[in-house]
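Read the structure below first, then the notes.
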Amino acid sequence: MILCVRASIILAARKNSRFLKTRTCSSASSIRFERDPESRYSFFDGQRANLNSNALKLVFCTILEIFAENDLMRSTYSVMERAISVDLHGIVYVLVDGYVSSEASIKLLDLLLWIYTKGSMIELSLSTFGKMVHNGFAQDVKNCNRILRVLRDRNLVTKEGEVQEALDLLLQMQERGCAPNDVTYNVLINGLSKKGELEQATGLIEEMLNLGLKVSAFTYTPLICGYCKKGELDEALDIGLENLREAFLLFDELRSGHLICTLEVEMIHQGVLPDVFTYTILVNGSCKMGNLRMAKELFDEMLREGLQPDCFAYATRIVGELKLGDTSKAFSPQEEMLAKGIPPDLIIYNVLVDGLCRLGNLKEANELLRKMVQDGLVPGHVTYTCIIHAHSENGHLRESREVFYEMLSKGLSPSVVTYTVLIHAHAGKGRLELAFMFFSEMQEKGILPNVITYNSLINGLCKVKRIEQAYKFFADMEEKGLCPNKYTYTLLINENCNLGNWHEAFRLYTQMLDRGIQPDSCTHSALLKQIGKDYKLHAVQYLENLK
DNA sequence: ATAGGGTTAG
């Protein structure tokens, strides 16, 4: 059988090369490939280069066809991956053009789209899907679901538009008779939940139930996740109100606990049992909302249910223990994991290194790094960023730079977070020249600064009263399409108040309200800093009520 | 190997 297939491939390849030679000799530019996006080659290099690239596509497609027809999907996969790795994206034209048998092209196009979507190659996914639809190859709901995920994620990353585009596709699917299924809805519910559109997400669950579609852990998990994130945002509001802080915390605890329990009960009511994914989110959400007791209870509940926690679940638990400041308890799951044959991964180590750094145990953190390397793991950019951060927080700017250069020498690419940590530290300590150096260096490397990066610079500039320059960066970020947040405004309001520029401070305050940016009590404190202490709290409460 | 949910750093 294998020999037979091999022989066919060789024969097919030979047949193709003859076919192509004929084409070349007759000097007819391939009719079949007129629409080839790589046709610009022929512009510079004559027909030969163009045909060579096409020849390669035909050979690849022939091999793929033979593998697919014989159901050798593993081999098909690796050949397809090879074709993509040498940028032969044009094979999609061969596949939709009817050059290979329709049975094989369906399989091959599915596979091609799968590879593109799995690798989040957004434009290639969309263009391939478009060609498939155009040629009647995309009737499969699975393909639609893959594209839905891509559209959803693109929307979430760029923050432009809505998950709307994906919702539109859902409508189109319904119109074309390609019935959306439970997976379709799950993808959309996930997108809406991540955007905080929880009511709309709940509405889709109702729609699913009405349609008799299967509601599962896949459906509820993102929604629970969304509620957890909302709780986290709410909690941020009470920073700075130390006589009211505890009351807020208690309130949040009750509310979030209640919501999470309701959802959990609802899931069980629907016959959906929470699994490791669900529990991980619940534990994480409880941690983030500061309810560490509930986090622990949920983790234990997961064990009682007979579920086997994995690295994700353990990482979440360790974060919780570290928040409680208990180093020994944070390290104990490691033994448990080893006993169960789940070796701690890079993220587990990152969490532990960061935890030790935050507790000021830089020495222990370094020992852990050595152990990590012994275990065959390589510290990554997050690991280094944690250590750089630790040095910065301790005011050791020189050390933080040294670790940064060590990181570069290991061939690791710093992220926007790494640079932001460095910029924040240097700008905050008045070392603005170094901060600016890092700021331009990151952009030269194509790492885009974000709101936090700009806030770090604005903070440093305000501190040394270079407010004009702070405004320049404020304008610069807006030009780049970055939206200033409540911290950006609070920094500028604060400095204007320090300088007695009340008019400007209130102008900024009005502007942020107009833009729908919620101020917090820090903004209000900054604004009212000069008012007598007795009146201050009343004034803050008054403003809080206003919004 | 052909869809869908979860973990770390500013």
Side-chain angles (χ1 to χ4, degrees), chain A residues 68 73-78 80-81 106-118 140-150 152 180-191 193-194 214-226 228 272 274-285 287-288 302 309-320 322 344-355 357-358 380-390 392-393 414-425 428 449-453 455-456 459 487:
Chain A
M73 295 319 283
R74 222 189 135 86
S75 311
T76 317
Y77 175 85
S78 58
M80 186 74 90
E81 221 180 21
I106 291 170
K107 282 186 197 172
L108 293 171
L109 285 165
D110 282 358
L111 188 62
L112 183 67
L113 191 67
W114 179 71
I115 294 173
Y116 283 151
T117 53
K118 208 164 176 83
D140 192 358
V141 68
K142 284 188 187 179
N143 290 327
C144 294
N145 289 342
R146 290 181 183 126
I147 291 301
L148 276 178
R149 189 187 63 79
V150 167
R152 180 198 72 192
N181 59 10
D182 52 330
V183 177
T184 317
Y185 278 90
N186 292 343
V187 172
L188 292 172
I189 288 167
N190 177 277
S193 300
K194 281 203 178 123
K214 196 180 94 190
V215 173
S216 67
F218 285 109
T219 321
Y220 279 103
T221 308
L223 194 63
I224 291 174
C225 197
C228 289
V272 181
D275 59 11
V276 178
F277 281 74
T278 322
Y279 276 109
T280 304
I281 293 171
L282 291 172
V283 171
N284 190 30
C287 284
K288 292 256 162 79
M302 167 168 68
D310 57 9
C311 274
F312 283 72
Y314 277 115
T316 307
R317 178 178 166 195
I318 293 169
V319 168
L322 284 167
D345 64 3
L346 180 60
I347 292 183
I348 300 269
Y349 273 105
N350 286 345
V351 168
L352 288 169
V353 167
D354 185 55
C357 285
R358 274 168 206 277
H381 65 107
V382 176
T383 327
Y384 274 97
T385 304
C386 293
I387 296 165
I388 292 168
H389 181 230
S392 311
E393 288 294 292
S415 71
V416 59
V417 181
T418 320
Y419 274 107
T420 303
V421 166
L422 287 165
I423 291 168
H424 176 85
N450 61 24
V451 185
I452 307 176
T453 322
N455 287 350
S456 304
N459 175 51
Y487 298 99

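- For A/Lys118, the side-chain contact (heavy atoms from CB on, under 4.5 Å) partners at least two apart in sequence or on another chain are A/Trp114.
- As judged by a 4.0 angstrom heavy-atom cut-off over every strand, A/Lys214 is placed among residues making no nucleic acid contact.
- For A/Arg146 (side chain) and A/Leu113 (main-chain N/O), no donor-acceptor pair under 3.5 Å exists by modelled atom type.
- Among the protein residues, A/Arg149 comes within range of the sugar-phosphate backbone only, with heavy atoms under 4.0 Å from sugar or phosphate atoms but none that close to a base.
- Within 4.0 Å (heavy atoms only), A/Thr418 reaches no atom of the nucleic acid at all.
- A/Thr219 comes within contact range of no nucleotide atom at all, as no heavy-atom separation falls under 4.0 Å.
- Counting 5' to 3', DNA chain B first comes under 4.0 angstrom of a heavy atom of chain A and last does so at the ends given by B/dA1 to B/dG10.
- With sequence neighbours left out, A/Thr76 forms a side-chain hydrogen bond (donor to acceptor under 3.5 Å, both in side chains) with no residue at all.
- Qualifying side-chain hydrogen bond (donor to acceptor under 3.5 Å, both in side chains) partners for A/Thr184, counting only residues two or more places apart in sequence or in other chains: A/Asn145, A/Asn181.
- If you check every strand for non-hydrogen atoms under 4.0 Å, A/Val276 touches a base.
- In this structure A/Tyr384 satisfies the side-chain hydrogen bond (donor to acceptor under 3.5 Å, both in side chains) test together with A/Glu406, sequence neighbours excluded.
- Here A/Asp182 lies in heavy-atom contact (under 4.0 Å) with a base.
- Residue-level contact check: A/Asp110 touches the bases, meaning some heavy atom is under 4.0 Å from a base atom.
- At a threshold of 4.0 angstrom between heavy atoms, the contacts of A/Ser216 include nucleobase atoms, whether or not backbone atoms are also involved.
- Contact annotation for A/Ile347: base contact, defined as any heavy-atom pair under 4.0 Å involving a base atom.
- Within the 4.0 angstrom heavy-atom criterion, base atoms lie near A/Val417.
- The nearest pair of heavy atoms linking A/Ala217 to A/Pro222 is O-CD, 4.3 Å.
- Note on A/Val187: only backbone sugar-phosphate atoms sit closer than 4.0 angstrom, heavy atoms only; bases stay farther off.
- Across all strands shown, A/His424 has no heavy atoms under 4.0 Å from either base or sugar-phosphate atoms.
- Evaluation of the side-chain hydrogen bond (donor to acceptor under 3.5 Å, both in side chains) rule for A/Asp345 yields no partner, not counting sequence neighbours.
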